[in-house]
Each structure stands twice: as C-alpha cells, then as structure tokens.
There are 2 protein chains.
Amino acid sequence: MKKQAQCNITTQCQTRILAIKDAMEILSGKWKFHILGTLLLNEKLRFMDLLREVEGIAPKMLSKELQDMEMNQLITRTIVHTKPITVEYALTEAGKTVGPLIDELASWGTAYRNALFHQ
Amino acid sequence: MKKQAQCNITTQCQTRILAIKDAMEILSGKWKFHILGTLLLNEKLRFMDLLREVEGIAPKMLSKELQDMEMNQLITRTIVHTKPITVEYALTEAGKTVGPLIDELASWGTAYRNALFHQ
DNA sequence: GAAACTGGTTACCCATTGGTAACTAATATA
DNA sequence: TATATTAGTTACCAATGGGTAACCAGTTTC
C-alpha cells in the first residue's frame, strides 16, 4: 500500500543536488549577486566605484566578497599603477555565466510579487 | 576624465534589485531548494516521507522550513484524517514556478564544475 | 502491556554572517 | 601643512542559522 517516494537516491539526482549545493555555496551571502550584477553592467570597476554602486555595502564586506569571488574565479583583480594606485575588478568568463541565473532570479521574484498581488 | 558608473540608481535597476532580494529571502536557507525539488518530483509527500527523502534534514528544520514556505504560499499543508493522522505537503502553482530556477541553478553549478575541471 | 508508527515541539548550543567604527599607508591637492 | 583620495584592514559586537538530543500525544501493532 505504501508508495514510497525514492527519487532522491539515483545518481542522477545526487549529481544534481551536488551541483545545486556548489552553486549555493559559491554564490552565497547577501551581496554577491548585487556585486556580480553591477559588474555585468560595467565591465571594469574599481573598489571605490563598487563601494558607491553597491548601495549599503561596507568596505569590509566588499573586500571579503571580492576575495571570495576571486578565489572562485568569478572575477579578476588587477592592480593599475596609476597614482594613486587603483585596482580594477572585472568578471571572468565563468563570472559572466551568472547572467542568466540572475535574470532567472529576478524574473522569479517579479513573477512571485505579481502573483501574490493579483490573487 | 572620470567615467562614473551609475547603473544602479535607475528605477528599472532598483526594481530588479528588489525582486532579487525578495527571491533570495523567500528561498533562503540550506534546505528549501532541496525540499521544493523533492516536491517537484512527487506531487504529494507526507512529513515522514520528506524526512526520509531530504537526506540529512532534522525534523525541527523540516518543520520550520515547511512552515516558512506555507506562509509564503509555495506549498500547501493538508491534514488527512487517516489513522494515524497524516499530513500531506504539495506545491502550489506559485511553488511550481521554482522549477526553472532550480534547473538554472543546477545547470550553472554543473557548468561551473566542468569549466574549472577542463581549464 | 510494550514498542513503533504518526507529526511534530522544545531546550540547548555553537559557528557563521554581517554590521559599525575606527584605523592604516601612500599619494595628491588646496 | 592639512585634507582628501586611493584600497583596504582591524577589532568588536549582535543576530541568525542550523545542529543535537530529548520529548510529547495519539494510535496501532506485536
């Protein structure tokens, strides 16, 4: 009589679950999407530009999130020997691939709002 | 000389940022995607089924996440007066819309892994 | 009568997240 | 000489997230 559900034990499913876990880990936190989204629109930005663009972020958090994402090869950090020295942050090819994901998230959020509003 | 970046102040951008913030809030936490993904594959599941399917989750967390998602109208909770009593959880129409988002997340995670592996 | 099933709740604890504010060092400008 | 720019770092603190383990009540089976 019991129709036991057991979808989550196939290797296919396990791989999928791991992929999602990876994605969530790499893109976790309050600010990463915001930073990545800003870099998607700007190509190159300096630390102070990001600090101004990403509204509300503190230098400590920006620094930490940028380091995280550089480690995970989503962005590059290049020192420019101007005077005073400046640092340019830009998306890598891997970083650019978050575009569709951000779009999906934004459209889901929008649709969700509208759905609740129009019900 | 300064080409000040200022993409994030348009109302268009602000709306988008809010939508993403909404989505992140509603779908936040370690377990929601896992639970939603399981419900996407099963239509109806009881508490104990979910506890077995979502590997590693504790009853406390499952209970809390289900309550969250019921409040946000992603899932329904219906008591079935069998003996012993059972409770069925299922996705709402709004809940079903997370499908594409989960797919996107999974495929991003997969692509990211492959990209790093093949570099 | 004891054990095991149903669907949870409760108490306790620790680690991570993220915020505030102040500070650094080097250079340039007023 | 004082101030502002660059790019961060440091110390401190509070809230949240999430884990463990035990417990509860009702029903059914052994």
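Protein chains get the first letters and strands the later ones, always in sequence-line order, with residue 1 at the start of each. Here the structure is a predicted model, which means the values were calculated and not measured. Values below: all heavy atoms of this structure, side chains included; hydrogens, waters and symmetry mates excluded.
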Just the rounded figure in Å: distance from [atom2] of [N] to [atom1] of [X].
X: Leu66(B); N: dT6(C); atom1: CG; atom2: P; result: 16 Å
X: Leu51(B); N: dA4(C); atom1: CG; atom2: C1'; result: 15 Å
X: Ile35(B); N: dG8(C); atom1: CD1; atom2: P; result: 12 Å
X: Leu50(B); N: dT6(C); atom1: CG; atom2: P; result: 13 Å
X: Phe47(A); N: dA7(D); atom1: CZ; atom2: P; result: 8 Å
X: Met48(B); N: dT9(C); atom1: CE; atom2: P; result: 12 Å
X: Lys32(B); N: dT16(D); atom1: NZ; atom2: C1'; result: 12 Å
X: Ile85(A); N: dT24(C); atom1: CD1; atom2: C1'; result: 15 Å

I'd like to check the salt bridge (charged side-chain N to carboxylate O under 4.0 Å, His left out) partners of [X]; sequence neighbours left out, ordered by chain and number.
X: Lys64(B); result: Asp68(B)
X: Lys44(A); result: Glu88(A)
X: Arg113(A); result: Asp22(B)
X: Glu104(A); result: none

* By a strict heavy-atom criterion of less than 4.0 Å, which residues belonging to residues 67-84 of chain A are in contact with DNA chain D? ->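 The answer is Gln67(A), Arg77(A), Pro84(A).
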
* **Residue list, side chain to side chain donor-acceptor pair (under 3.5 Å) with Thr15(A), at least two apart or on another chain** =>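 If we apply the side chain to side chain donor-acceptor pair (under 3.5 Å) test to Thr15(A), skipping adjacent residues, there are no hits.
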
* Side-chain ion pair, Glu65(B) and Lys32(B), N-O less than 4.0 Å ->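 Looking at Lys32(B) together with Glu65(B), the answer is yes, because their closest N to O distance falls below 4.0 Å.
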
Under-3.5 Å N/O pairs linking protein and nucleotides 18-24 of chain D:
from	atom 1	to	atom 2	distance (Å)
dG18(D)	OP1	Lys30(B)	N	2.9
dG19(D)	OP1	Lys30(B)	NZ	2.4
dG19(D)	OP2	Trp31(B)	NE1	3.3
dG19(D)	N7	Lys60(B)	NZ	3.0
dG19(D)	O6	Lys60(B)	NZ	2.1

* If you check the Ser63(A) side chain, which of dT9(C), dT9(D), dA7(D) turns out closest? ->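 Minimum distance to the Ser63(A) side chain belongs to dT9(D).
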
* Asked: Taking only N and O in the side chain of Arg52(B), is any of them less than 4.0 Å away from OP1 or OP2 of dC5(C)?
  ->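 It does not, given that no N or O in the side chain of Arg52(B) lies less than 4.0 Å from OP1 or OP2 of dC5(C).
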
Give the table of side-chain donor-acceptor pairs shorter than 3.5 Å for residues 90-100 of chain A, with sequence neighbours excluded, one pair per line with atom names and distance.
from	atom 1	to	atom 2	distance (Å)
Thr92(A)	OG1	Gln73(A)	O	2.8
Thr92(A)	OG1	Leu74(A)	O	3.1
Thr92(A)	OG1	Ala94(A)	N	3.3
Thr92(A)	OG1	Gly95(A)	N	2.9
Glu93(A)	OE2	Lys96(A)	NZ	3.1
Thr97(A)	OG1	Ala94(A)	O	2.5
Thr97(A)	OG1	Trp108(B)	NE1	3.0

* To do: Any pair with a residue in residues 33-68 of chain A that passes ring pair (Phe, Tyr, Trp, His ring centres under 6.0 Å), sequence neighbours left out, goes on the list, sorted by first then second residue, please.
  =>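 Output for this query is empty, none listed.
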
* Asked: Where do Leu105(A) and Ala23(B) come nearest, in terms of heavy atoms and distance?
  ->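 It is O-CB, 3.8 Å.
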
